[in-house]
There are 2 protein chains.
Amino acid sequence: MVDVTTGRNHGKDLRRYLGPGVHRGRTTDAVTDALREAILDGFLTPTTWLREDEIAAAFEVSRTPVREAMRRLADEGLVVKTAHHGTTVAPLSLEDVLALYVVRENLEGLAARLAAVRCPAGLVERLDEIGSRMKAAAAEADTARLSGLNLEWHRALRDATGNSYLGRFLGQVEHAVRRLPSSTLGHPGRADEVLSEHDAVVRAIEQRDGAAAEQVAKAHMRRAREIRLAVMLGE
Amino acid sequence: MVDVTTGRNHGKDLRRYLGPGVHRGRTTDAVTDALREAILDGFLTPTTWLREDEIAAAFEVSRTPVREAMRRLADEGLVVKTAHHGTTVAPLSLEDVLALYVVRENLEGLAARLAAVRCPAGLVERLDEIGSRMKAAAAEADTARLSGLNLEWHRALRDATGNSYLGRFLGQVEHAVRRLPSSTLGHPGRADEVLSEHDAVVRAIEQRDGAAAEQVAKAHMRRAREIRLAVMLGE
DNA sequence: CGCATTCAGTTTGCATTCAATGATGGACGT
DNA sequence: ACGTCCATCATTGAATGCAAACTGAATGCG
């Protein structure tokens, strides 16, 4: 996908990250999302130089929206800009991963607590519904689908908090986590664990027990971090 | 400062937010910081329309850096863009303030805990030093200086966590809090309270007691929220 | 008289052009 | 042979130009 020798990315392949149609008045947003997806997918790696005119050519747009997109991604911490030379995907060190999970544990715990306290109508049903679809995906060992549903579950939870700041921060955390290579859900036995941990969170929410929801959600994240480290350190 | 009748801002006054010199290769950053300061200062209010060419004229730059700056501020949540019509400063509702303090309580608590656990050399001394300067400012009832030192204290604390994600999120929280009208430090008796609450946090850090540091930091934020609400609701 | 419609004006969105700067590779001196 | 200096180039930074889209008001119709 990426020619490491020259550090150049292949335009044709990159193009598919951008939707096929036109992007009336939303070119910059479309380019931002496309680049972000390419990075989160691992298509663009920290070894790749992202040259503005190359990407503009690949997406068949001008440099302006590409420029703005890269600045936004730089603000998000996904890429690093070097003046007058180029932009690369930001590397993610082991320290960064640890720091990320520490923050994530706290924020997800807070989200679970707030969701339990508010417990908006339909929330428990929605989480359970996603959970049953995850169970089906787990039964088929469809890790990709499972991973997508897992994202959906966590998004549903944070949307239920009704706290826009928390939602924004957890969104940024999600972006960072998705950059990590290969989901932890492929780890043997992890899928079932996740299902039961999610269920514990939902049951606590159902009983409006904020403190319990926070505790089990935090435990869920601590366990996720353990698996993540095991995967990253070669198990 | 702002002509509410026309919704237009006075260029000359806005200009001073941008440093006087040249901004070689950093025009966009300079404009972003200038606009952010103008918003945090309350110079640009939610009733003001931010027109790209007006601001560009006021800063004597082209529309391009202004455009990029506004997009960044929109990502930060400070302004709201309406396609093909304009940009306004985002309003901050009472709900937003409550949501903000909920998240802030958690993040500041986490920061205090991490700082206590790591307790890098010189941290306690630095916090105490800022604290004594705050005491001096409080004695002179210099609320503006006190407020600046308060920011410095909280920044020192979060830098000491060594957690880049936490630092980024607390930075965004700080921006949001600074948008609130008039510091709570002007509230009668609040300055002394803040001093003793800060001191309690530092003493817990000094003893490397993470749990205690977290608790007192969270209590500090809960109290800050109370005062904030009292001020906002007309006391 | 009220409502839909259209048309001009304003403002942003993207493309293109121009300028500045850091990097790269070669020549030269030692 | 190696290090330094300088010219050239590649790349980003900022300015300008042009087209699309949203607003608001004026106008025609029911």
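Every chain is numbered from 1, with letters handed out A, B, ... down the list of sequences.
What separates CG of A:D53 from P of D:dC9 is a distance of 17 Å, to the nearest Å. In this structure, the NE2 atom of B:H84 is 6 Å from the C1' atom of D:dA20, given to the nearest Å. Atom NE2 in B:H85 sits about 12 Å away from atom P in D:dC22, given to the nearest Å. Summarising the geometry, the separation between CZ on B:F59 and P on D:dA14 is reported as 14 Å, rounded to the nearest angstrom. Atom CZ in A:R51 sits about 17 Å away from atom P in D:dC9, given to the nearest Å. Summarising the geometry, the separation between CH2 on A:W49 and C1' on D:dA10 is reported as 13 Å, rounded to the nearest angstrom.
Using a 4.0 Å cut-off between charged nitrogen and carboxylate oxygen, B:R126 and B:D159 do not count as a salt-bridge pair. Taking 4.0 Å as the cut-off between side-chain N and carboxylate O, A:E129 and A:R133 count as a salt-bridged pair.
Residue A:K81 has a polar side-chain atom (N or O) positioned under 4.0 Å from OP1 or OP2 of D:dG13.
Residues B:L151 and B:R155 form a side-chain contact, since some pair of their non-hydrogen atoms from C-beta on lies under 4.5 Å apart. In this structure, B:L127 and B:W153 have side chains that are in contact, with non-hydrogen atoms separated by less than 4.5 Å. At a threshold of 4.5 Å between non-hydrogen side-chain atoms, the residues B:L107 and A:N106 do not count as touching.
Contacts between residues 62-75 of chain B and DNA chain D, defined by a heavy-atom separation under 4.0 Å, are made by B:S62, B:R63, B:T64, B:P65. Within residues 23-37 of chain A, the residues that place at least one heavy atom under 4.0 Å from DNA chain D are, in residue-number order, A:R24.
No cation-pi contact links A:R158 to A:F169, judged by a cut-off of 6.0 Å to the six-membered ring centre and 45° from its axis.
The main-chain N or O of A:A99 is found under 3.5 Å from a side-chain atom of B:N163 such that the two form a donor-acceptor pair. With hydrogens and angles disregarded, a donor-acceptor distance shorter than 3.5 Å links the side chain of A:D96 to the backbone of A:S93.
Residue B:V61 places its side chain closer to D:dA15 than to any other of D:dT12, D:dA15, D:dC22.
Position along DNA chain D of the nearest nucleotide to B:E60 versus A:A83 favours A:A83 as the more 5'-ward residue.
Within 6.0 Å of the CZ atom in B:R222, the count of heavy atoms belonging to other residues, nucleotides or ligands exceeds 12.
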